[in-house]
Q: 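Structure incoming, see below.
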Amino acid sequence: MSTTGMAVADESVALAARRVAFHQDRGVRIDHVRRPTRVGYKAGALAHGLTETDGEFVAIFDADFVPTPDFLRRTLPRFDAPNVGVVQTRWGHLNADESLFTRLQAFGLNAHFLVEQVGRAAGGHFLNFNGTGGVWRRSCIEDAGGWQADTLTEDLDLSYRAQLRGWRFVYRPDIVAPAELPACLDALNSQQYRWNKGAAETARKHLGRVWRHPRLSLATRLHATFHLLDSSVFTVILLMAVLSVPLVLLVLMRAHRPELKPLFHLAAVFVLTFALLTYYYHTTWRLAGGPATGRWFAPQFLLFLAVSMGLALHNTRAVVLGFRGKATPFIRTPKQGSGGIVLPAGDKEARAARVRGPLPLAEGLLTLYFAAGLGAGFYYHDPGLLPFHVLLVAGHGTLTYYGLRQRRPAVTAPKLAPVLAG
């Protein structure tokens, strides 16, 4: 077993070295490999790790993951056919109840792992390796062209290259690999930026190849298209949100255009569509093991929608840069497990993560903008867009509050987690 990392200016290296020495003294075959540079970022670290081992199967975990001791015993038997290239497991959450942001992240990620991935696997469509918590067949990685650093989502990129080559992915939601969720807004912004920009970069790279592939069914091509363009939904949300305030003024025209009345009635329930409710309700049902989903489903669902809308500006910027092909560095997601800011003082990545986060001024201005739309709806006695504007104000207001709060100087020294996999 080996742990591959990069040169970093914090306590991670010393902490990892101590633990590796501890296990080596007890006869465990384990190496701590450090690259002198960050060339290729996480993709470069993973590619370098392959040069340090000749094993046919490669298990990959980010530093904050805590797999169970029987993880390999449960995953390796799933490579029961020579064309199985990956076994991906479901993420668990070590700190789901730590804060509002961790609860909402767990809510959204559970839907991805219990509905999206399960559905894609059942339909025989393209899956994605989630960057960690899975096992690759080495020959699959090599046949697909290896780890490449031209996108920020090297996991999604390699997943599509492998499946376009005919490799099959196995998803096991019954095997859980627990990990930490980002516990502060800066960390969440860093992760969201990387995921959404990387997804757009991967779509730019592979969408044409998917549609030119001669052996893919139309259903698989459509599923892959929606999958690769998933992050683009934030651009649509932002556009709808910005245009929604002028739309309220159409109430003046509506008095003379009765045919528009049904459209405004539809807007009143737009954000609570049956599809979204079913999607997240089914996730909560599966986690609870039955229909007793608890009294917190409705407020959690609405808060999740609100904060997702609040992230639209930040994520839209990432998506636009991704489709433009503008290269940006891989920013690590800080993890610490007990709340509070964890970015080391003077760390270049810390400053970069803060720059990429949504500026409190922009978020604050958008909060006031949507509040004006909310006020206009009350003034004109028109409920059509009130639910939409309530969620927009709540989401942007929440991010503005936490953005300002978390940019205050830290009063205690941060706790640092080891960074072992880029």
Side-chain angles (χ1 to χ4, degrees), residues 1-82 84-95 129-142 146-147 154-155 158 170 172 174-181 332-338 342 344 415-422:
M1 178 172 61
S2 66
T3 61
T4 301
M6 300 171 293
V8 291
D10 57 31
E11 300 171 9
S12 302
V13 175
L15 190 155
R18 288 195 298 269
R19 296 309 299 171
V20 169
F22 174 85
H23 290 295
Q24 285 177 336
D25 289 343
R26 284 153 182 78
V28 178
R29 182 187 171 190
I30 180 172
D31 299 304
H32 182 202
V33 181
R34 291 185 60 203
R35 298 193 301 152
T37 69
R38 293 194 69 197
V39 174
Y41 305 111
K42 183 175 179 179
L46 291 168
H48 184 78
L50 286 180
T51 67
E52 299 291 329
T53 178
D54 57 0
E56 174 58 14
F57 297 101
V58 182
I60 298 175
F61 298 100
D62 285 351
D64 55 301
F65 273 69
V66 187
T68 58
D70 64 347
F71 183 87
L72 293 178
R73 293 182 183 275
R74 299 182 67 188
T75 53
L76 288 180
R78 309 304 173 185
F79 289 92
D80 53 2
V84 174
V86 176
V87 174
Q88 173 69 54
T89 66
R90 176 164 62 94
W91 291 6
H93 315 298
L94 296 171
N95 60 333
F129 171 63
N130 291 105
T132 176
V135 184
W136 280 81
R137 191 189 295 269
R138 184 192 189 97
S139 54
C140 172
I141 298 175
E142 294 172 344
W147 298 101
E154 75 296 321
D155 46 5
L158 183 56
V170 172
R172 299 296 306 192
D174 56 312
I175 304 174
V176 181
E180 293 181 17
L181 294 162
R332 294 177 299 155
T333 302
K335 304 283 182 69
Q336 84 298 322
S338 60
V342 299
K415 295 182 180 180
L416 302 171
V419 180
L420 305 183

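Please read these numbers as outputs of a predicted model, since none were measured by experiment.
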Q: CD1 of I60 to CG of L46: how many Å apart, nearest 0.5 Å?
A: 5.0 Å
Q: Applying side chain to side chain contact (heavy atoms under 4.5 Å, CB included), name anything that partners V135, two or more places apart in sequence or on another chain.
A: F57, A59, F71, L72, T75, L76, F79
Q: How would you list, by chain and number, every residue that makes a side chain to side chain contact (heavy atoms under 4.5 Å, CB included) with D54, sequence neighbours excluded?
A: none
Q: Quick check: do V84 and R78 have side-chain heavy atoms less than 4.5 Å from each other?
A: no
Q: Is the side chain of R35 donor-acceptor paired with the backbone N or O of Y41 at a distance under 3.5 Å, no angle test?
A: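 Indeed, once roles are kept as given, a pair shorter than 3.5 Å links the two residues.
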Q: According to side chain to side chain contact (heavy atoms under 4.5 Å, CB included), who are the partners of R74, at least two apart in sequence or on a separate chain?
A: D70, D174, I175
Q: State which residues pass side chain to side chain contact (heavy atoms under 4.5 Å, CB included) with R90; sequence neighbours excluded, sorted by chain then number.
A: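 For R90 the side chain to side chain contact (heavy atoms under 4.5 Å, CB included) partners, ignoring immediate neighbours, are F113, L114, Y171, P173, V176, L287.
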Q: Start with the C-alpha gap between D31 and E52, add the side-chain angles, then the distance that decides, and say whether side-chain contact (heavy atoms from CB on, under 4.5 Å) holds.
A: CA-CA 9 Å; D31 299 304; E52 299 291 329; over 6 Å; no
Q: Tell me the salt bridge (charged side-chain N to carboxylate O under 4.0 Å, His left out) pairs involving residues 132-142, sequence neighbours left out?
A: R138-E142
Q: Let me check something: any side-chain donor-acceptor pairs from residues 16-26 under 3.5 Å, sequence neighbours excluded? List them with distances.
A:
unit_1: Q24; atom_1: NE2; unit_2: I30; atom_2: O; d: 2.7
unit_1: R26; atom_1: NH1; unit_2: F22; atom_2: O; d: 2.9

Q: If we only count heavy atoms from C-beta on, is the V13 to H32 side-chain gap below 4.5 Å?
A: yes
Q: How far apart are the closest heavy atoms of T132 and Q88, and which atoms are they?
A: O-NE2, 3.2 Å
Q: Shortest non-hydrogen contact from G146 to L158?
A: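 Residues G146 and L158, closest heavy atoms: O-CD1, 3.7 Å.
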Q: Looking at every non-hydrogen atom in both residues, tell me the closest pair between A177 and G133 and how far apart they are.
A: CB-CA, 4.3 Å
Q: Donor-acceptor pair, distance only, cut-off 3.5 Å: does the side chain of N95 make one with the backbone of L181?
A: yes
Q: Do the side chains of K42 and D62 get close enough for a salt bridge, i.e. N-O under 4.0 angstrom?
A: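 Looking at D62 together with K42, the answer is yes, because their closest N to O distance falls below 4.0 Å.
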Q: Which atoms form the tightest heavy-atom contact between W147 and A47, and what is the distance?
A: CD1-N, 3.8 Å
Q: What distance separates I141 CD1 from F129 CZ, expressed to the nearest 0.5 Å?
A: 8.5 Å
Q: Between CH2 of W136 and CD of E56, what distance do you get to the nearest 0.5 Å?
A: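 It comes to 13.0 Å.
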